[in-house]
Amino acid sequence: MRDAAPIAWIAAPARTVVAAATTIATLSLASAVWLVSLREIDLTQMTDLGLVSVFPAATMVSLLLVTLSFALCLRLASTSAPLLFLHVLALIVMLYGITIFIEEVPRFPVTWRHLGVTEYIMRTGDVDPTIDAYFNWPGFFVLSAFVTELTGLSSPRVLADWTPIFFNVLYLAPLVVIYRTVTSDLRLVWLGVWIFYATNWIGQDYFSPQGLMYFLYLVIVAIILRSFTRPQGELTGSRLRLRVFLRRRFRPIRALIRARDAPERLPRSGELRPWQRVGLMAITIVLFAAIVPSHQLTPFVVVLVLTTLIAFGLSPARGLPMVMIVLIGTWIAFLATEYLAGHLDSLTGHVGEVEGTVGANVGERLHGSADHLFIVYMRLLMTAALWTLAMLGAIRAYRRARPQLTFALLALSPFLLLLLQPYGGEILLRVYLFALPFMAFFAASLFYPESWAGRSWLTSGALGLTGVVLLGGFFFTRYGNERMDYFTAQEVGAMREVYDVASPGSLLIAGSKSLPWKFRDYEKFTYRIALPSDGSGPAGPSPRGPELLQALTEQMRGHSRDAYLIITRSQKAESEILGLAAPGALEWVERAAATSPTFTIVYSSPQAKVFTLARTGDRA
Amino acid sequence: MTRHLARLAPVVVAFLTVVVSILVLVDVQSPARSGLVAAFLFLCPGLALVRLLRLEEPLLELTLAIAFSLALAGLVSLTLLYAHLWSPGAGLAILVAITIGGSGLELATRSNDRRAA
């Protein structure tokens, strides 16, 4: 026995080295397989199931290898943070960078619109709040123009190309800081991070204000949790009397108060000196001041979560929400008045209408092709799966005397946004996103409810399986609409041609909104869409080709200046996927316009065509 | 290792500040300019000020430095735009001044601490 002890002691580090080497080798192999597999992806074969429909088996195998390697890495006795970091980095590139490698140009029509706002600022050095909402909250676009010009780039498009990876790498540090405010268990921290990235399918991390402001939101939450949460049990006066009264009367309140006083809440704020806390408060205010002019929704979320913590006696920073509200009010009152004047009803008219808000966010998305409906249901299913895992994890942690009231409040308070407005049918997506860091943490708590738990192979197996299921669902939920979300160089080329030939004031009309336009001369043209996807089109059966062409022709003839009709592959895809028109309607319009004497072809390629009305002499 | 990295921070800030100022002043057109200017904008102004807080937590300092740098760059550029003084060069000069000011203050306070010790 005495002879075996030194051997076991020497063997333990050796086993760790072998395990670490194995994970590094597996990760390297997975990365290499992933890179090689990308060459086999043929986007032209994509169905309405999105990117998954063209994934080669090797791509799936690489993700499986990364997941298994990560699960193995979590078992390492020393739980090496650098190794775990490398795994998460690889995951970020594989999940969020895949489209950068396989697509020719940035995806999403709104990306190109944001490029156009940035181009306007670079060109004019000014903003015009009468154009649209972007010019009333221009902070992100001004910063983008600033960075583009200083870095010597010819266009902000280079920034847009790499934004998904850049933003997601940015989110990593504040997530780790946030999780480390409540636990020292590195396995729990990094598993929470992993689950965050495996379930962040919302897709707001493109070249957008909300993508960058989400990073600032995470940092503000990190500062609040790290430095401005109240040490446990610190109640006085009327608040203490109220607590005693409630605890005696109501059992749920008693449980809540017990959760609030749970020993797991680390009283970190006592470690900082007053001048350090003043400095951190100043930084928080500056970060918030940068959010206010950049995005409509994020400032309200910050105020909401902070106020929730204060209301439950978990943060002493009572003055901070007032400062934030003053900043929001000042911006809206003085610099966003143009937008407010014309949209006050849409901003405030749905307050309290939860049923209508949920209907706009869920019910109105339940239409389109069979595969698209599958994607919608997958999103609902994966959302329910994550929230169920989170609930089970929170219960398990609570029963192990490790409740996290602060995190529970941060996970639930974004749901109050449902009381405000539908936010163009996207508020549920934003609720999911703002709650996600804390939902992911609770889901991770299911596997590691305590620092000594979760060391069995059964746990590792369950964890690996859960990871594989989440990643499998990710590619349906995030890239399920890819057939209409991605663009090609030909489609961008068609728009470049339009901008080269069209005179200011011309009408640019498209079949649907899925096309890369508005990236240049944003303010110079009138834009219309024949088949809106937000339900604002005329009621009745889906329009067929002939009536669609007639409506388009009338709009073009009714415009006082030149008019251009743009039909692209992505628009046809959107029309099919969402059922915006009768099957084949846009194809019919394209063929008819190409052979009709009413139209002249301005640009023609297999994936995009541009028409203008033929001049009277030409028609004769 | 963390202490070594913390000691390198002022060196990195000083290097990027000088190099980026020259690159932009001379208007060098190079991919290296893009990377170095981006590194400066996303890191240096915030780091120079955050280090004054002496948080002694490298990850938290780095997180705050990046966020604070982005916020400062955003607010400086926004202020110039609304003041009808749009000039990325002037904005960079302001951020360089902030960086130098923060670094100088840190140097002075740490010298005072060493003398007091």
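Because the structure is predicted, anything quoted here is derived from the model rather than measured.
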Top contributor to chain B interface from A/Val219, A/Ile291, A/Leu218, A/Leu212 [non-hydrogen pairs under 4.5 Å]: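 With the most close heavy-atom pairs to chain B, the winner is A/Val219.
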Top contributor to chain B interface from A/Phe140, A/Phe166, A/Phe141, A/Phe288 [non-hydrogen pairs under 4.5 Å]: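 Option with the greatest count: A/Phe166.
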Main chain of [Y], side chain of [X]: is a donor-acceptor contact present, judged purely on distance under 3.5 Å?
X        : Y        : answer
B/Asp27  : B/Leu23  : no
A/Gln276 : A/Arg273 : yes
A/Tyr120 : A/Glu523 : no
A/Thr181 : A/Ile178 : yes

Between A/Asp185 and A/Thr183, a side-chain donor and acceptor under 3.5 Å: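 The answer is no; no qualifying pair exists.
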Check: A/His295/A/Tyr214 side-chain N/O donor and acceptor closer than 3.5 Å: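 On atom types as modelled, these side chains do not qualify, holding no pair under 3.5 Å.
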Chain A contact via [X] - which portion, at a heavy-atom distance below 4.5 Å:
X       : value
B/Leu75 : side chain
B/Phe40 : neither
B/Leu62 : neither
B/Leu92 : both

In terms of heavy-atom pairs under 4.5 Å, which option from [options] contacts chain A the most?
options                            : value
B/Gly91, B/Pro31, B/Ser30          : B/Gly91
B/Pro88, B/Gly35, B/Ala71, B/Gly89 : B/Pro88
B/Ala73, B/Gly46, B/Gly74          : B/Ala73
B/Val76, B/Leu59, B/Val24, B/Leu85 : B/Leu59

Aromatic ring pairing A/Phe441/A/Tyr179, orientation class (parallel under 30°, perpendicular over 60°, tilted between):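 Correct class here is tilted.
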Side chain / backbone / both / neither for A/Ala222 at chain B, heavy atoms under 4.5 Å: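 It is neither, since no heavy atom gets under 4.5 Å.
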Stepwise side chain to side chain contact (heavy atoms under 4.5 Å, CB included) test for A/Tyr206 and A/Gln204: CA-CA 6 Å; A/Tyr206 62 99; A/Gln204 295 299 310; 4.2 Å; yes
